[in-house]
Structure formats: structure tokens, C-alpha cells
**Student:** 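Have a look at this one.
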There are 2 protein chains.
Amino acid sequence: MPCLSARIRTKTEWDALTPDEIDLFNRKVVCRTYPAGQVIFVQGDPCKGLYFIEDGLIAARKVDEEGQSAIVRLAYQGDTLGYRPLLAKENHRATAEVIKDAKICFIGAPTMHRLLRSNPRLGMLFLEHIAQALGEAEERLFQVAALSVRTRIIHLVVLLRDHYGTTTSDGTLFVELPMTRRDLAEMIGARPESVSRALRDIQDDGLMDLSGRTVRVDQIDRLIDELHHGLHI
Amino acid sequence: MPCLSARIRTKTEWDALTPDEIDLFNRKVVCRTYPAGQVIFVQGDPCKGLYFIEDGLIAARKVDEEGQSAIVRLAYQGDTLGYRPLLAKENHRATAEVIKDAKICFIGAPTMHRLLRSNPRLGMLFLEHIAQALGEAEERLFQVAALSVRTRIIHLVVLLRDHYGTTTSDGTLFVELPMTRRDLAEMIGARPESVSRALRDIQDDGLMDLSGRTVRVDQIDRLIDELHHGLHI
DNA sequence: CGGCGGCATTGACACAAATCAACGGCGCCA
DNA sequence: TGGCGCCGTTGATTTGTGTCAATGCCGCCG
């Protein structure tokens, strides 16, 4: 079973590869599974290649000397990890940690550069991908810089809906919060206690129903409205 | 006088262009000057092409419906603006506003795509550039999410040193803060009053000397140390 | 010239969020 | 089976920033 299965590939930048290149990829790639909690690479490490996420959820976390910490990016199935330092020719600037058990394929920098040289379209698709990633990073920068914890939490739930939301036949939306309160807090630049309180406040206002790590939302519009019009109307 | 002068070009991604392509660039480009305060494009606008900054300083600002606002990026001489939406195939997600009088060259999207198709190396250099921009965005995201206003201010001064710092013969460093307190505040996700107070506090601690928009730093090490070891030692 | 508007600073105060502390629940494994 | 450690919540309290208001400064323009 090749790591780069067609099902996943066609939705990613790897769709640019020719059959020969797919063959090269599959020969060079090293795949393994990582349990939750495992660290894939550490900030400061030299970047030896990149990691294609076949399945699972990974967080890129930055930490400083005082222990202050924040999650700067999430990587889902089909995403690629480590491309930023590879392309910028830098060391890793974040630590990658598995949030949900993952299957990850490593591809070394030399192979990657060979593919980029032989296939300009691959570079163009990476360009598009990284441009979107920059847009998301700037969006979250804006949110943390300008919005309240409550609003940031709602943005986070809406964001997680893309990958962890399911809608039942009667239109009710369920969103799984796929990580601890601590990690949710690090995603929005807050403390776990503040996340707990904000979630309860939003629940008390009838915007969602929380049980454990699952959020039930009856009227997603009411959530979205608060993002656009603020609390009061 | 062609817009893409060799002096600036060789330090940017445009160094990849062949003489023919430079010629095409110079034929297609439209240059003009913008006074401070002028808006170059507005968030939500379709992206019609990109803007090469021959001189000046530009801020990319995000604003929401409630008027909350933050500066998500600065663009200096030699930088290119608008490449993110162009490459991500999105509309502009920020408003570009001139901070210091600028000379800017506009190059339309069709020309740009033609250059990218004819010259893969241009794409590779953009890839490298945008990868670094993503690194900077994530660094600032971490700072706003995890650090105090005081620390963020120091980071900002150190950042501005790259483009607005000069060192005298006796080793004293002068950094110009090239914008209003309001804009400084929007760069770090704070209020102008908080910026004023933080600057005064840092000055009271003898780490810098502030007069108007110029900061004098005698021992840059002491500033940098605070970033790595915190306030106390 | 005089006055208006934006900039910067400062003080008093309010408030959102952090901190500190305590508790119950749960999984894990010695 | 018991206990240790992490998770999640809640309460009490502190504190860093935001908010509001007043002032002085300066540049600009009628």
C-alpha cells in the first residue's frame, strides 16, 4: 500500500506529480504511525525534509525560554508539515506534536528539491498552499490582537467545524473539540480557565450546548452573527 | 529610468528575471508615488496584480465590522505587496496604507502569471520569500498570544532596528519609530495609551531613551536579554 | 494670526482575563 | 485495588490593559 494514495493526493499539491515522480516519491518515502503526544520535530532542529500527514491531527507549537507557549498552526489529513523551514531555508521554528494519532510519511529534503526542480507545477501548487496558510496566520494574528476571548473561541469552533463538524439529518451541527482545554487555550492565546468560562458563558447564552469535548449547535447562524455584529444588536 | 533598477532588484526575488523578462516587466509596469496616508488597495477588493515597493513604508491592516483593527504586516523597500492574494487566488484580505511616502510599481496579474510560467526560478524565489513571511507572521502570532505589551514593544523596537536603526561611531543605536503611537499599538495588538506607558516604563528602567519618535539604546544587549530572560534575573 | 484637528501623554477608573486554589472525575499502572 | 497524575470546572482575588477624560503640543489652513 503506497503512502501517497490517489484518494488523498488529488486534493493536495501532490496532484502535480507525474506517474514517474509518484514512483520516486513512494520509493523514497518513509512512513510510520505516531501516537497522540508524540513529538515529530522540535523547534530549533535543522529541517531534514517534510512530513505528509496521511491521517491524524498535528499542532505546531512555539515555546520561549520562560515557558510561554502558543499553538501557531494545525495540520490535518492531507496537509504537509515542515515545508515552511524547508522552503525558507531555516531551522524549524516550531515544535510539531501529535494531537490525534497520526500516520505520517517523511520525505527527505534532497528528494523534495529534486521534485521541485523537475516539476515547476508542484512549486506553483505549494505557492498557492503557503499563500493560503499565510492568510490564515494573519487572520489569527488579527483575532488574537483585536478580539475578546469569547469571540476567539467562537471563531475557533467555526474553524474546527471544517474538519471536525458533522451535521445530522435534522440540521443540528456537532463539532468535536479535538484537543484538551489547555491546547484550545494555546490556540487562542488564553488560559484554560478562561476557555472553560467562555465556553460556559456562550452556552448560558443559548448559542451552543457543550458536553465534554463535543459542541452541539442548533442555529449556526446565531454564532456567525455574533462574529459579525458583536454581542449586542 | 526603469522602475526595476538593478540596485534594488538584485536583493529581491526579481533577480531571477532574464533580460527579456526585465524588459517585459519594465514595459508593463505602472509606477506612481503615494503620499503617507494614501490607501493602495482595500480589503475585499479583487486582486488585480501586485505592487513592488521601490521606496517607502506600507502597512497591511485588517479591520472588522466593529472597527477593531490590527496591522498584520509591514512592507519595506524592495518588498512586494499583494502577492499573497494573487497566489492564493483570493481577494485582498487586508488594506494597504502608506505609512511613509512611497514609490510603488504596479504589475498586472496576467503579466505576473506569464512571468511565473516562463521562469520557474521566479516562483522558487517567491516560495522562499513567502515562507519567510509566514515565519514572521507566526512569530508575531506567538508574541501577541503569549507575551506582555512591554515585551511586545521591545520585540517591535528590535524588529524596526533592521530597517530604521542606525549605529553611531561610539556604538550607540538609534531606532526611528516610523509611525504614530496608534499604528505602533495596532502592530502589537494594544492601545496607544498602553504603548505610551510601556515605552515610559522601559525608559524608566534605563533600557532606552525616548524622544519623540526616536529611541536611543546604549546597550542593545540589555534589551535583548530581557527578551530571553524576562524582567527578573 | 487664530483656531481646528490629530498626536502624545497622563491620571483615574473599570473590567476582562490571569492567577491561585480547591475539588471531582478519570485513566493508568504499580 | 489503591493512588498518582492529568483533565476540567469553579470560586476568590489580583492585575495588566482597556476606557474615559483632560491637557499640551504642533502643523495646517482658512
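Because the structure is a prediction, the values reported are computed rather than measured. Naming: A, B, ... by sequence-line order, numbering from 1 per chain.
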**Student:** Has Q203(A) got a side-chain atom pairing as donor or acceptor with L210(A)'s backbone, closer than 3.5 angstrom?
**Tutor:** yes
**Student:** With each end axis built from five pairs of C1' atoms, what bend angle do you get for the helix from dC1(C)-dG30(D) to dA30(C)-dT1(D)? Round to 10°.
**Tutor:** 20°
**Student:** Angle class for the Y83(B)/F126(B) ring planes (parallel below 30°, perpendicular above 60°, tilted otherwise)?
**Tutor:** tilted
**Student:** Decide, yes or no, whether a salt bridge links D183(A) with R61(A) under the criterion of side-chain N to carboxylate O below 4.0 Å.
**Tutor:**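 Here D183(A) pairs with R61(A) in a salt bridge, since their nearest N and O are under 4.0 Å apart.
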**Student:** Strictly by salt bridge (charged side-chain N to carboxylate O under 4.0 Å, His left out), give each pair with a member in residues 137-160 of chain A just once, sequence neighbours left out.
**Tutor:**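 Passing the test, one end in residues 137-160 of chain A: E138(A)-R73(B), E139(A)-K62(B), R150(A)-D205(A), R150(A)-E226(A).
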**Student:** Return the set of residues passing salt bridge (charged side-chain N to carboxylate O under 4.0 Å, His left out) with R191(B) (not counting sequence neighbours), or none when no residue passes.
**Tutor:** none
**Student:** By the side-chain hydrogen bond (donor to acceptor under 3.5 Å, both in side chains) test, which pairs, at least two apart or in different chains, include something from residues 31-41 of chain A?
**Tutor:** none
**Student:** How does each nucleotide of nucleotides 5-24 of chain C score, in 5' to 3' order, for protein heavy atoms under 4.0 Å: base (B), sugar-phosphate only (S), or none (-)?
**Tutor:** --SSSBBB----SSBB----
**Student:** If the threshold is 4.0 Å, N to carboxylate O, is there a salt bridge linking R181(B) and E186(B)?
**Tutor:**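 Not counted as a salt bridge, because no side-chain N and carboxylate O are separated by less than 4.0 Å.
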**Student:** Grab the CD-P distance between E66(B) and dT19(D) for me, whole Å please.
**Tutor:**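 So the two atoms are 13 Å apart, to the nearest Å.
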**Student:** Under the ring-ring contact (aromatic ring centres under 6.0 Å, His included) rule, collect the residues that match up with Y51(B), sequence neighbours excluded.
**Tutor:**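 Checked Y51(B) against ring-ring contact (aromatic ring centres under 6.0 Å, His included); matches are F41(B), F106(B).
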